[in-house]
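Here is how names work: the chains are called A, B, and so on, in the same order as the sequence lines, proteins then strands, and each is numbered from 1.
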Amino acid sequence: MKPKLITKTDVIIIIAALLLSFIVLFGMYRSSERLEAVVTVNGKVTEKIDLDKIEKEIVITPDTEPKVVIKANKGEIYFYSAECSDKICIKSGKLKKKGDTAVCLPAKTVITIVGNDVDAITY
Amino acid sequence: MKKIIAAILVIVGCSFLIYDGVINKTTEADFFSMATFAKVKINGFKSGKCAEEIQDSAEYFETQIISRHSDSSEISAVNRNGSINASGKLAEYLAVLEDVAEKSGGKYNYALGEISDLWGFSGAGGRVPDEEELSKAVNCAKASYSNGVLTVEAGASVDLASAGKGMALDEAKKCLEKYNIRSAIVSFGGSVLLYGNKDFKVGIRYPEALNSSQIAIIKTRNCCISTSGSYLQEFEQDGKSYHHIFDPETGYPVQNGIKSVTIISENGTLSDALSTACFVLGIKDGMELAEKYGCGIVIVNDKKEVFMNDRAAAVTEMTDPEFKTADAYET
């Protein structure tokens, strides 16, 4: 007998593969809904925080000169204090939504909430 | 037969992986340069090497060529000696600045270093300068560039802060071309380079905001976008606020109701210098100058009115209902 091109096992494997890929896609979609903040010092990531999962205030003091203090609560993160002269980082206020960024140039520290609907911002 | 199908599937799958992971590899990097926060995102076979080179060349360009705070730079040499023979790298950009200075009738001036210092914008915190000191600085704030020679008047200093980020974008573009990059987005602070045959979205920041709030989105490709905003560096004294964009004729911050000017141009140096020039010129003259250069322009004023020329309007979508587009020539 000539072997069939597609057997029952093949169909099962294909369906299983499709299901698996849907699960992976759904997982990726869910993770893209999360509010994740990333803190970098001099271009290197020092902290990654899931802002939705914070229960108690988190205080971060990166090793920088001048000193900065970053605080994170549920759904928000911000420069709480900085020993720099212009305080632009503090004036940036609380970061709450995707794409929000605050930069402390003297301390070379950046907080970003990951994900954004635009590729860049001109200012 | 089955084996052949399986083999084809595996090959197709692998080629997708190779395409995404190697040929069209994405490299993202952040670094501090040109006195600001820089970001690159590059798609291409040699994206990693290219990102490194962009960072190195920006560092070199800042410390050896344009920073007036670096003793080894050409600009600090001209400020010390009054005149220099510009290197090829610098000459190319000075020609653009000189042209903007001329076409703007002197409203764009790259010799305002002393004035900026008197207002305290280079150091910590601002202050209103003594009137006599200021008028002395205004009178000598002159620099010129011709036939490869950059000259500055005694008592004045060349300050390329108004165009340095744009120059850095032009330098970055040379690296992207050298490595045959497919597409990339590079930003030095708020000056952005869009490279390759792919549309990018760039938000125009809500004036006064220091976060990601935006009033409009520009969707375009293959150009540089720069903004001059009065709100970026300002201070208050005796209840009045003062910002960092000066009228070269008075030495005082420009007070014409403009909050920000965004320029879209193929040339980064031009987009940066022109955004400052048009800010100083005001809405009507600013829009005329942008037209002369064939650049897109978006001006936002303190009444939340937005003025655009056709080139900008074709690629810009307003996203904040508080801001409305207005006809430039009726104001």
Check your understanding: What pair of heavy atoms forms the shortest contact from Q214(B) to V118(A), and how long is it?
Key -> OE1-CG1, 3.2 Å
Practice item. Identify which part of T109(A) has an atom lying under 4.5 Å from any heavy atom of chain B, answering side chain, backbone, both or neither. Key: backbone
Check your understanding: K97(A) versus chain B, heavy atoms under 4.5 Å apart: side chain, backbone, both or neither?
Key -> side chain
Point to revise | Top of G189(B), S226(B), A38(B), A29(B) for chain A proximity - count of heavy-atom pairs under 4.5 angstrom | key: G189(B)
Check your understanding: chain A heavy atoms under 4.5 Å from Y231(B): which part of the residue, side chain, backbone, both or neither?
Key -> side chain
Point to revise | Contact origin within V202(B) toward chain A - heavy atom pairs under 4.5 Å | key: both
Practice item. Report, as yes or no, whether the 6.0 Å neighbourhood of atom CD on E57(A) holds more than 12 heavy atoms from other residues, nucleotides or ligands. Key: yes
Check your understanding: Just wondering, are more than 12 heavy atoms of other shown residues or ligands nearer than 6.0 Å to NZ in K219(B)?
Key -> no
Point to revise | For chain B, the option from T122(A), N42(A), I121(A) that forms the most heavy-atom pairs under 4.5 Å | key: T122(A)
Point to revise | Reported CD1-to-CG distance for the pair I185(B) and D119(A), which is rounded to 0.5 angstrom | key: 4.5 Å
Check your understanding: Is it the side chain or the backbone of I113(A) that comes within 4.5 Å of chain B heavy atoms, both, or neither?
Key -> neither
Review point. Is it the side chain or the backbone of I204(B) that comes within 4.5 Å of chain A heavy atoms, both, or neither?
Key: both
Review point. Would one find more than 12 heavy atoms of other residues, nucleotides or ligands at under 6.0 Å from atom CD of E55(A)?
Key: no
Point to revise | Heavy-atom contact with chain A under 4.5 Å, split by part of S260(B) | key: neither
Review point. Heavy-atom distance under 4.5 Å to chain B: side chain of A102(A), backbone, both or neither?
Key: neither
